[in-house]
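Right, one structure below, let's go through it.
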Amino acid sequence: MTSFADPAKPDHVAIIMDGNGRWASGRGLKRIFGHRKGVEAVRRTVEAARLSGIRYLTLFAFSSENWKRPKDEVSDIMELISIFIHRELQNYHAQNMRFQMIGEREGLGPKVLGALEAAEHLTRGNTGLHVVVAVNYGSRAEIARAAVALAREAVDGRISPDEINEALISGRLDTAGIPDPDLIIRTSGEQRLSNFLMWQSAYSELVFLPCLWPEFSRDMFDEALREYARRTRRFGGVDEPASAMTGS
Ligand code: IPE
Ligand code: IPE
Ligand code: MG
C-alpha cells in the first residue's frame, strides 16, 4: 500500500538506528553507553516525526540476528527498551500516539514483551502518529512466518494455493495494514538493509547518513525529508504525464 496524499512528504518513515557501538567505542566507552545515548535520539526522533505530521514511524530496535551479540549487551538493550516504554508511554498516549510491535514475540523476555504489549493495548484506539517498533525482527523470518500462515490456511481449505498473491502475502506479514515505508533512513554510514522490511521496501527511497545514531538530530530528520522531496518515484512507470506520450 502506498499513499499518494502529498507526493513531497512521506507517509511512512522507517529508520535503521545504527552506530551506537561505534559512538561509544570512539569515546573509549563500553557499547552500552552508546545504546543509552541512542535512547535520547529515539526520543528526539519521535518528537520530530510527530511535529512533521508523518503518519507512521518505524524504528528498528533489535534484529533477529542481534542475539549473536554478547549476552550482557543483549540484556542491556532489552532493559533499555522496557525502561523507555515505561517512561514515555503515558506521555505518548496523551499525545494520541499509537504503538505497535513487529517481530517475533516468541523468544522475547517477559519484561520487554509485557511492556511492548501493554503499550499496544493502551494505545490501540489512538489516531495520531503510529510508532512501529521492530524488536526481534528480521524480514526473512517474517516472510517465512507468513508462508506458514498461508500454508495452514490452504491445508484447512480456507484459501486455494492459486489465490496466493502479493496482497495475501502482505496481509500475513507483521506489517499487515501498515503502508509500505516511503523513506528508509539508515545512520552510521552502512549502506545495507540488514534484513529490515525487505518485502515492504520494494519501492522505498533510501537515505544513508554518515552520522552515528546517538548524534541523529531533528535537523537531520528534516534534511532527510527534504532529500525525499527531491527524489522522483516512478514505481516502474515513467515520470512524464501520460498526456505527453504519443502513440508509436
Ligand atoms: C545499533 O547500533 C543498535 C542495535 C543494533 C541494537 P549498533 O550496536 O549496531 O552500533 P554499531 O553498528 O556496532 O556501531
Ligand atoms: C541493524 O543493525 C539492526 C538494528 C539497527 C537494530 P546491525 O548493526 O545489526 O546491522 P549489521 O550487522 O551492521 O548489518
Ligand atoms: Mg550496527
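Numbering of residues begins at 1 and proceeds along the displayed sequence. In this text the structure is predicted, and so the values were computed from the model without any measurement. Whatever order the structure lists them in is the order used to number ligands and atoms, beginning at 1.
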Original post:
Tell me: protein heavy atom nearest atom 10 (O) of ligand 1, and distance?
Top reply: Gly21 N, 2.9 Å
**OP:** Measure Asn66 to ligand 1 on non-hydrogen atoms and call it side chain, backbone, both or neither using the 4.0 Å cut-off.
**Re:** side chain
Original post:
Just by distance, with hydrogens left out, do Thr127 and Asn96 show a side-chain donor and acceptor under 3.5 Å apart?
Top reply: yes
Subject >> Flag for Asn136-Trp67: side-chain donor and acceptor within less than 3.5 Å >> reply: yes
Subject >> Close-contact set for ligand 1 against Ile77 heavy atoms, below 4.0 Å >> reply: 6 (C)
Subject >> Any Lys68 heavy atom less than 4.0 Å to ligand 2 >> reply: no
Original post:
With a cut-off of 2.8 Å, does any N, O or S atom of Asp18 fall short of it relative to the Mg ion (ligand 3)?
Top reply: yes
Original post:
Can you find a side-chain donor-acceptor pair between Tyr228 and Arg233 that sits under 3.5 Å?
Top reply: yes
Original post:
So among Phe216, Phe60, Trp213, which one has a side-chain contact (heavy atoms from CB on, under 4.5 Å) with Met17?
Top reply: Trp213
Subject >> Minimum-distance protein heavy atom relative to atom 13 (O) of ligand 2 >> reply: Arg192 NH2, 2.8 Å
Subject >> atom 3 (C) of ligand 2: the protein heavy-atom neighbour that sits closest, reported with distance to 0.1 Å >> reply: Phe60 CE2, 3.6 Å
**OP:** Verify side-chain contact (heavy atoms from CB on, under 4.5 Å) between Phe99 and Leu122, making sure each step is shown before the conclusion.
**Re:** CA-CA 9 Å; Phe99 257 87; Leu122 179 70; over 6 Å; no
**OP:** Indicate whether the side chain of Ser139 and that of Tyr137 have a donor and an acceptor atom separated by less than 3.5 Å.
**Re:** yes
Original post:
Is Arg31 in contact with ligand 1, taking contact as a heavy-atom separation below 4.0 Å?
Top reply: yes
Original post:
In the protein, which heavy atom is nearest to atom 1 (C) of ligand 1, and how far is it?
Top reply: Met17 O, 3.0 Å
Original post:
If hydrogens are left out, which of Glu65, Arg69, Arg22 has an atom nearest to atom 12 (O) of ligand 1, that is, the closest non-hydrogen atom?
Top reply: Arg22
Subject >> Cationic tip of Arg36 above Phe33 ring, under 6.0 Å, 45° of axis >> reply: yes
Original post:
Do Asp72 and Ser75 have a side chain donor and acceptor closer than 3.5 Å?
Top reply: no
**OP:** Number the atoms of ligand 1 from 1 as they appear, then name those within less than 4.0 Å of a heavy atom of His35, with their elements.
**Re:** 3 (C), 8 (O)
**OP:** Before signing off on this row, confirm whether Trp23 and ligand 1 have an N or O atom pair separated by under 3.5 Å.
**Re:** no
Original post:
Just which atoms of ligand 2 are under 4.0 Å from any heavy atom in Phe62?
Top reply: 6 (C)
**OP:** Quick one: look up the protein heavy atom nearest atom 14 (O) of ligand 2 and list residue, atom name and how far away it is.
**Re:** Ser194 OG, 2.6 Å
Original post:
For ligand 1, is there an atom lying under 4.0 Å from some heavy atom of Ser188?
Top reply: no
Subject >> atom 6 (C) of ligand 1: the protein heavy-atom neighbour that sits closest, reported with distance to 0.1 Å >> reply: Ala61 O, 3.3 Å
**OP:** Would you confirm whether Asn165, through its side chain, and Ala167, through its main-chain N or O, come within 3.5 Å as a donor-acceptor pair?
**Re:** yes
**OP:** Considering heavy atoms of the protein only, find what lies nearest to atom 2 (O) of ligand 2 and give residue, atom and distance to 0.1 Å.
**Re:** Arg186 NH2, 3.6 Å
**OP:** Inspect the contact between Glu79 and Lys111 and indicate whether a charged nitrogen and a carboxylate oxygen are less than 4.0 angstrom apart.
**Re:** yes
Original post:
Going by distance alone, is a donor N or O of one side chain under 3.5 Å from an acceptor N or O of the other, for His93 and Asn126?
Top reply: yes
